Number of protein chains: 2
Amino acid sequence: MTIANSTSTDDLGSAAQRDRRKRILDATYDLATAGGFDAVQMRAVAEQADVALGTLYRYFPSKIHLLVSALGRQFEETATRLNEREIPGDTQADRVLYVLKRMARGMQGDPKLTEALTRAFMFADSSVANEIHVVGMSMTSIVTHAMHGGVPVEGSITDRDVAVARVLGDVWLSALVAWVTGRSTAAETAAHMDTAIHLILRD
Amino acid sequence: MTIANSTSTDDLGSAAQRDRRKRILDATYDLATAGGFDAVQMRAVAEQADVALGTLYRYFPSKIHLLVSALGRQFEETATRLNEREIPGDTQADRVLYVLKRMARGMQGDPKLTEALTRAFMFADSSVANEIHVVGMSMTSIVTHAMHGGVPVEGSITDRDVAVARVLGDVWLSALVAWVTGRSTAAETAAHMDTAIHLILRD
DNA sequence: AACAAAACTGGAACGTGTTTCTAATTATGC
DNA sequence: GCATAATTAGAAACACGTTCCAGTTTTGTT
């Protein structure tokens, strides 16, 4: 009733599906931004996306799939945006710190959204493996890109780089969870990341 | 019916409360061991602990509090047990690896229980901060103790030691979550811990 | 254009975490 | 020994994720 952005009356076939999927993810995003994990209620998402509840479940088999997909979409955008820029900083540590702090600041600017997406990520089981993988790859890509200062040379990324990126990703995630769940402040989170990065990337 | 370990017939006042609390945690533990997070249903816990549902909620304000408390009890026991032993290994890396792999093996031996407790831990918000803190302290204590090879000298633990322990704890937790949620195998988890420890503790 | 298959809607219904309420029961102070 | 306050039991009710279904609309094929 309220929504509907049909460009005109002639809705085409698969375009309608693409619309639905997008509408659903947008609604998820909006609800999460406004009220966090608890506010992303499947009935509310369905209503705001203007689809039936059963349809929502046809597109996303659970609330967790839905939220992790939304997180994946956001991470992919961030990775794409960051990976086409040069990263400032003289050392690997500086550059990685720059990027991760930037991401953290971005997420802290939308605390409710971050809470919703992080919660979902942490709660996901193996049935969400595909969606999780998208997020993990984006994260690794962001960190390795930062380590190399923005050089897009593919061959220069070693196994060790990936290992470092994974470990830093783990620490980052734990720190994020601690912040999201109110167990540490933004400053503590930043300090912790700083410590971890210098412990691991001391060259 | 089945439980009850009342030492004698003269249940004293607060002793009855202690009994209830213990019965509840035991029931939680049993149900989690048998069926994981989903099997720890509040009605089932109440029934098995032989208390009313309202009483259960008087002792633990939510399922998450309940499970994290159970996790805390287990971690404290593990920390106590480990901290009164000498840790084998010539280097810090060896000793930490020994301890963390040992813990991981222990938890992998009870996959359902581990799943339940880890899920709860990851889902906890700030209202569970106290219970979480118990777990975090135990973890840090275990790692720093391992770093020092079992020497109980308090003053020898530096800020850096604690920082290292925290970072390793983060990685360990992330690896555990990945394993619990079926996104990585036990072998991958072990390899990942190995990598992280050698990245951070290379002396 | 006619038909079959797939997708969608609207809504009911179920399971489990959580809340709430009232009547027993138990503990505590005088 | 009794009055009063806490605690507990028992059960109903609510909230939200999820499932299911009957009927309708859309899509694709011939």
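From a predicted model like this one, the values you see are computed outputs, not experimental measurements. To find a chain, count down the sequence lines: A is the first, B the second, and so on, and within it residues start at 1.
- Of the candidates C/dC8, D/dG17, D/dT8, the closest approach to any side-chain atom of A/Gln41 belongs to D/dG17.
- In this structure B/Phe37 satisfies the ring-ring contact (aromatic ring centres under 6.0 Å, His included) test together with A/Phe123, sequence neighbours excluded.
- Residue A/Val45 is out of contact with every strand shown, counting any heavy-atom pair closer than 4.0 Å.
- Computed from coordinates, the B/Asp19 CG to C/dT26 C1' distance equals 15 Å when rounded to whole Å.
- Here the C1' atom of nucleotide D/dG17 and the CZ atom of A/Arg119 are 16 Å apart, to the nearest Å.
- Judged by distance alone, the side chains of A/Ser62 and A/His65 do bring a donor and an acceptor atom under 3.5 Å apart.
- Cation-pi geometry between A/Arg183 and B/Phe121 is met: under 6.0 angstrom from the ring centre, within 45 degrees of the axis.
- Residues that satisfy the side chain to side chain contact (heavy atoms under 4.5 Å, CB included) test with A/His133, not counting sequence neighbours, are A/Met137.
- Rounded to a whole Å, the CG atom of B/Asp38 is 9 Å from the P atom of C/dT16.
- In terms of the side chain to side chain contact (heavy atoms under 4.5 Å, CB included) criterion, residue partners of B/Ala93 (sequence neighbours excluded) are, by chain and number, B/Thr91, B/Ile197, B/His198, B/Leu201.
- For the helix from C/dA1-D/dT30 to C/dC30-D/dG1, the end axes, each set by the C1' atoms of five terminal pairs, are bent relative to each other by 20° (nearest 10°).
- Comment: A/Glu77 does not engage A/Arg81 in a salt bridge, judged by the lack of any side-chain N to carboxylate O separation of less than 4.0 angstrom.
- With hydrogens and angles disregarded, no donor-acceptor distance shorter than 3.5 Å links the side chain of B/Arg166 to the backbone of B/Ala163.
- Between the CZ atom of B/Phe123 and the P atom of C/dG17 there is a distance of 12 Å, rounded to whole Å.
- Atoms CG (A/Leu56) and P (C/dC8) sit 11 Å apart, rounded to a whole Å.
- Legend: salt bridge (Lys or Arg N to Asp or Glu O under 4.0 Å) pairs involving residues 67-76 of chain A, not counting sequence neighbours, sorted by first then second residue: A/Asp26-A/Arg73.
- Proximity of a side-chain donor or acceptor of A/Glu188 to a complementary backbone N or O of A/Thr185 within less than 3.5 Å is detected.
- If you measure from atom CZ of A/Arg58 to atom P of D/dT25, you get 18 Å, rounded to the nearest angstrom.
- Checking C/dC8, D/dA9, D/dC16 against every side-chain atom of B/Val51, the shortest atom distance belongs to D/dA9.
- For the pair A/Arg20 and C/dT9, the criterion of a side-chain N or O lying under 4.0 Å from OP1 or OP2 is met.
- In this structure, the CZ atom of B/Arg21 is 15 Å from the P atom of D/dT7, given to the nearest Å.
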Letter per nucleotide, 5' to 3', of nucleotides 18-23 of chain C [B base touched, S only sugar-phosphate touched, - untouched; heavy atoms, 4.0 Å] = BB----
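- Across the protein-nucleic acid pair, A/Phe60 atom CZ and D/dT19 atom C1' stand 19 Å apart, rounded to whole Å.
- For C/dC8, the OP1/OP2 oxygens have a side-chain nitrogen or oxygen of A/Tyr59 closer than 4.0 Å.
- Of the candidate nucleotides D/dA9, C/dC8, D/dC16, D/dA9 has the atom lying nearest to any side-chain atom of B/Ala52.
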